[in-house]
Every structure is written in C-alpha cells, then in structure tokens.
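I have placed the structure first, in the form of structure tokens, so that the comments after it can refer back to it.
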Amino acid sequence: MSAPANSDRLANRILIGLVAGVVAGVLIRTVAHGNEAWMQQLRWVATQALDPFGQVFLRLLFFAVVPLVFSSLMLGVVQLGRLDLLGPMAARTFGLFVLNMSVAVALGLLVMNTFIPGDGIDGATRDALLDQFQSEAQEKAEVAKTLPTLSFAYLVELFMPRNLLRAVVDFQILPLILFAILLGAAGTQLAGDQRVRVQSALEIATTLATRLVNFALKLAPYAVPAMIVSVCIKAGASVLQSLAVFVALCLAAMLVHLFGTMSVLLKLFTRIPPGKFFRAVRAIIVTAFSTSSSNATLPTTIQITRDKLGVSNSTASFVLPLGATMNMSGTALYEGCVVLFLAQVYGVQLALGQQVLLLILTVLSAVAVAGVPGASLPLIVGLLANFGVPAEGIALIIGVDRILDMARTVLNVSADAVTAVIVDEWTRPATEALSDGP
Ligand code: ASP
C-alpha cells in the first residue's frame with residue numbers, strides 16, 4: 001500500500017511543480033517582455049542556475065540507462081528458463097507482442113505526422129531553442145544526414161558494431177539490447193543453481209538501477225519547474241501550447257489503440273466480444289492508471305485474466321509476467337511520438353525510411369523498458385541520440401510525462417491481457433500438457 005501512496009504523492013508534487021513552473025515562467029516572461037536588460041539577466045539565471053540544476057536530474061536518469069537496460073532485459077530472458085519446452089507458446093507470445101507494439105507505434109507516428117504538433121512553435125521560438133543547443137543540434141543533424149537508409153548491412157552495423165563497449169559509451173542502446181538478449185539466452189542453458197544465482201544477481205542489479213531512477217524522480221518536483229521556467233525565459237510560452245497539443249494527440253492515439261486495435265485483435269483471434277473484455281479488465285485499467293506500473297498491476301492482471309476471462313493458469317503465468325516486462329505497446333507508442341515531436345520542435349527532418357527505422361528501434365527499446373513509473377524516459381534519451389535530436393529536448397516533455405505514463409501503462413497491461421487471451425485460445429491443449437509437468 002505504501003509504495004503506490006508514496007508514488008501518488010510524488011506524482012502530485014511533480015504535477016504541482018509543473019503547474020507552478022508554467023505559471024512562474026509565463027509571469028516572468030510577461031513582466032520582462034520588451035525589457036532587454038531584464039531579459040539578459042533572466043537568461044543568465046536560466047543558464048547558470050536553472051539549467052545546471054535540471055541537468056543534475058537528467059544526468060541521474062542518464063546514469064541509469066546502461067545498467068537498467070542490460071540487467072532488466074537479460075533477467076527477462078534468463079527467466080524464460082524452459083524456452084525449449086515453451087517454444088511454440090513463446091513464439092506466438094513474442095509474435096503478438098511485436099505486432100501489438102508495431103501497430104501502436106505506427107498509429108502514434110501517423111497522428112504526429114498528420115497534426116505536426118512540434119511545428120506549432122513559431123520560428124523565433126524554435127530559433128531560440130536551436131540557438132540554445134546550436135552546436136549539439138548541428139552535430140546531431142550532421143549525424144542524422146549520414147544515417148543510411150534501412151538495409152541488411154546497416155542493421156548488422158547497428159546491432160553488432162565492431163566495438164561493443166565504444167557503442168555503449170556513445171549511448172547506442174541497440175547493441176546493448178542484443179548483447180543482453182544473447183547473454184540471457186546463454187544464461188537459460190546454465191545448470192539450475194548457476195542460473196538461479198545469475199538470476200538473483202540480475203534482480204539486484206535491476207533493483208539498484210531502478211532506485212537510481214527513483215532518486216532522480218525525487219528531484220523531479222523541483223527540477224521540472226526549474227527546467228520549465230528556463231524554457232519559458234529562453235524560448236517563450238508558445239512551447240507550452242504545443243506541449244498541450246502534443247499531450248492531447250498522444251492520448252487520442254492511445255485511445256484509438258486501446259479500443260480500436262485491441263478490439264480488432266480480440267475479434268480476429270478470440271471468441272470473447274470486446275465489450276465483455278473491457279468490462280472484465282476494468283480493475284486492471286484502474287490499477288494501471290493509478291500506479292503507472294505494469295509490475296505493480298501484475299497481480300491484478302493475473303487474477304482478472306484467470307478468473308474473469310477464463311485464461312488457463314499456465315498461459316497466464318507465462319504470458320503475463322513476460323508481458324509486464326517486455327510487452328509495452330503504450331510505451332512504444334509514446335516513445336515514437338516523443339521522438340517525432342521533438343524532431344519537429346528542433347527542425348530535424350525524419351524521412352519515411354528513418355521513420356520505419358524509428359518504428360523498429362522504438363519497439364526494441366520498449367521491450368527494454370521496466371514496468372515501473374517513468375521507466376521509458378532514459379530509453380527515450382538513447383532514441384533521441386540515434387536520430388540526431390538534442391537529448392536535452394526530453395526536458396520539454398518531462399513535466400507532462402506522468403499523465404502520459406498513467407495512460408501508456410493502461411495500454412501496456414491491457415495488451416498483456418489481450419495477448420494472454422489469444423495465446424490461451426491458440427495453445428490450450430499444449431499448455432495443459434505442459435502444466436501436467438515432465
Ligand atoms: N510506467 C510504464 C509501465 O510500467 C513504463 C514506462 O513507459 O515508463 O508499464
């Protein structure tokens with residue numbers, strides 16, 4: 001009880017910080033408008049005090065990226081353990097995970113491409129922002145230009161660079177993801193007691209990295225207003241208007257995915273009418289929304305899918321824990337939207353080929369996101385760097401992240417329940433045999 005209560009309090013304080021930052025930023029900007037001497041001093045305060053403070057928060061998140069991705073993903077794979085026995089069920093489960101996440105990202109990208117919320121920022125504001133990150137933005141834009149179109153050779157280069165460590169140092173998360181999966185697969189072949197030891201070491205590493213994210217989140221109620229005020233001073237409040245449009249568009253895409261895509265999947269692959277499904281999973285939705293954590297929702301998800309949707313025990317206990325760590329369709333949708341939105345804000349053009357690559361990378365990185373509040377933020381930083389968008393841009397969306405975290409977690413766990421229902425219908429005889437045990 002105390003963890004959700006604490007995280008609720010924290011969420012409220014971040015929201016209050018966000019509102020206070022917006023109000024203070026708009027006020028300061030309005031009062032100083034037209035007075036160049038004041039504006040100069042304000043810019044000095046923003047650069048010398050507010051920005052470095054914001055950086056403390058952001059860099060704490062950056063610290064967590066590599067250990068978190070590595071340990072949580074390798075743990076997920078090692079936990080599979082009996083991969084050979086569970087082969088057919090695993091293949092179907094992963095297939096549905098990938099399908100669900102890909103459709104989610106495609107939907108998000110479609111909405112962002114259609115309404116282009118990042119373009120809502122006027123030229124002067126964008127120039128101010130670009131000015132602020134000029135050298136980095138230029139450097140990244142150069143990198144983006146050299147990104148080749150999608151090809152087999154490029155994918156090999158992307159996932160398997162000659163020097164893994166250098167890639168990781170450069171914040172390229174994909175080789176790390178592949179490395180963690182491969183090492184995890186090797187871990188499943190260890191003898192029983194060795195596997196248990198590896199598993200518990202990885203559990204500890206994941207917990208530590210998650211605590212680091214929690215330290216960062218404790219700073220958020222102060223860092224968020226500092227960053228918002230700084231953005232207002234440097235760039236003006238029109239950033240905030242387009243932020244509101246961004247939130248509304250993300251929520252709209254999430255709603256379409258929740259009630260549209262999931263209903264289609266249920267209709268195509270199960271005998272459960274979508275209306276009945278959504279009535280049954282109400283408790284799952286409420287828990288996910290209020291905790292912003294797939295992991296915290298997992299006990300409810302297992303109970304409801306078994307008791308109200310009739311999913312077998314063995315399917316539920318295989319698909320749902322895996323889904324809580326790997327199947328993140330709301331997160332994938334959100335990550336794609338953030339990258340495209342910030343690319344629009346910074347004037348970085350992402351052609352169709354690059355957006356296809358974005359879809360693939362987003363799905364892969366969503367798999368690496370842990371089922372805890374705010375877990376996707378560090379991964380988004382890695383994605384931004386991959387597409388030549390200034391990583392500091394994440395400061396723009398951090399204030400609204402919690403609201404969208406609540407919404408995306410609902411999508412994440414609902415997709416797990418849908419997957420469990422479908423896999424159960426497809427594999428029931430096999431899983432029944434399996435649960436009888438070897
Ligand atoms: N809070 C999300 C979850 O637990 C993960 C994220 O996208 O931050 O499912």
Side-chain angles (χ1 to χ4, degrees), residues 3-4 6-8 10-11 14-15 58 60-62 64-65 68-69 71-73 75-76 97 100-101 104-105 108 173 177 206-207 209-214 216-217 220 247 250-251 253-254 257-258 262 281 284-302 319-339 341 361-384 394 397-420:
N6 280 342
S7 103
D8 279 355
L10 182 64
I14 297 177
L15 265 181
L58 291 174
L60 266 176
L61 285 175
F62 296 171
V65 177
L68 193 64
V69 171
S71 54
S72 71
L73 195 56
L75 178 63
F97 285 174
N100 207 316
M101 287 190 277
V105 187
I173 302 299
I177 289 181
T206 308
T207 309
T210 306
R211 294 230 168 116
L212 213 54
V213 173
N214 287 342
L217 290 179
V247 172
C250 277
L251 289 176
M254 287 178 185
H257 188 62
L258 180 62
M262 310 262 186
V281 299
I284 301 180
I285 290 179
V286 172
T287 317
F289 193 75
S290 53
T291 61
S292 292
S293 166
S294 302
N295 285 353
T297 313
L298 186 58
T300 318
T301 319
I302 293 178
V319 175
L320 296 173
L322 212 58
T325 7
M326 297 181 111
N327 186 26
M328 302 278 179
S329 61
T331 296
L333 187 156
Y334 174 69
E335 287 183 350
C337 287
V338 171
V339 174
F341 171 70
L361 300 194
T362 305
V363 168
L364 285 169
S365 72
V367 169
V369 167
V372 296
S376 43
L377 288 176
L379 271 296
I380 292 174
V381 173
L383 278 174
L384 288 171
I394 199 166
I397 53 110
I398 224 131
V400 291
D401 182 70
R402 182 59 191 238
I403 302 163
L404 293 170
D405 197 2
M406 295 160 102
R408 67 183 182 255
T409 308
V410 168
L411 238 60
N412 289 345
V413 294
S414 303
D416 296 342
V418 170
T419 309

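Every heavy atom of this structure was used, including side-chain atoms; hydrogens, water molecules and symmetry mates were not. Order of appearance sets the numbers: ligands from 1, and atoms from 1 within every ligand.
In the vicinity of D405, heavy-atom distances shorter than 4.0 Å reach the ligand 1 atoms 1 (N), 2 (C), 6 (C), 8 (O). Distances below 4.0 Å separate heavy atoms of G374 from the following atoms of ligand 1: 8 (O). Applying the 4.0 Å criterion to heavy atoms of T331 picks out, from ligand 1, the atoms 5 (C), 6 (C), 7 (O). Set against the non-hydrogen atoms of S293, the atoms of ligand 1 under 4.0 Å away are 4 (O). Set against the non-hydrogen atoms of M328, the atoms of ligand 1 under 4.0 Å away are 9 (O).
Between L404 and L251, some side-chain heavy-atom pair lies under the 4.5 Å cut-off. You'll find the side chain of T362 stays beyond 4.5 Å of the side chain of M101, heavy atoms only. Counting heavy atoms from C-beta on, the side chains of V410 and M254 never come closer than 4.5 Å. Under the 4.5 Å side-chain criterion, counting only non-hydrogen atoms from C-beta, D401 is in contact with Y334. At a threshold of 4.5 Å between non-hydrogen side-chain atoms, the residues T419 and N327 count as touching.
Closest heavy-atom approach to atom 8 (O) of ligand 1 within the set A375, A324, A407: this belongs to A375.
Counting only heavy atoms of the protein, atom 3 (C) of ligand 1 lies nearest to S294 OG, 3.3 Å.
Contacts between S376 and ligand 1, counted as non-hydrogen atom pairs separated by less than 4.0 Å, involve both the backbone and the side chain.
Applying side-chain contact (heavy atoms from CB on, under 4.5 Å) to E335 and the options L384, V105, L383 leaves one that passes, L383.
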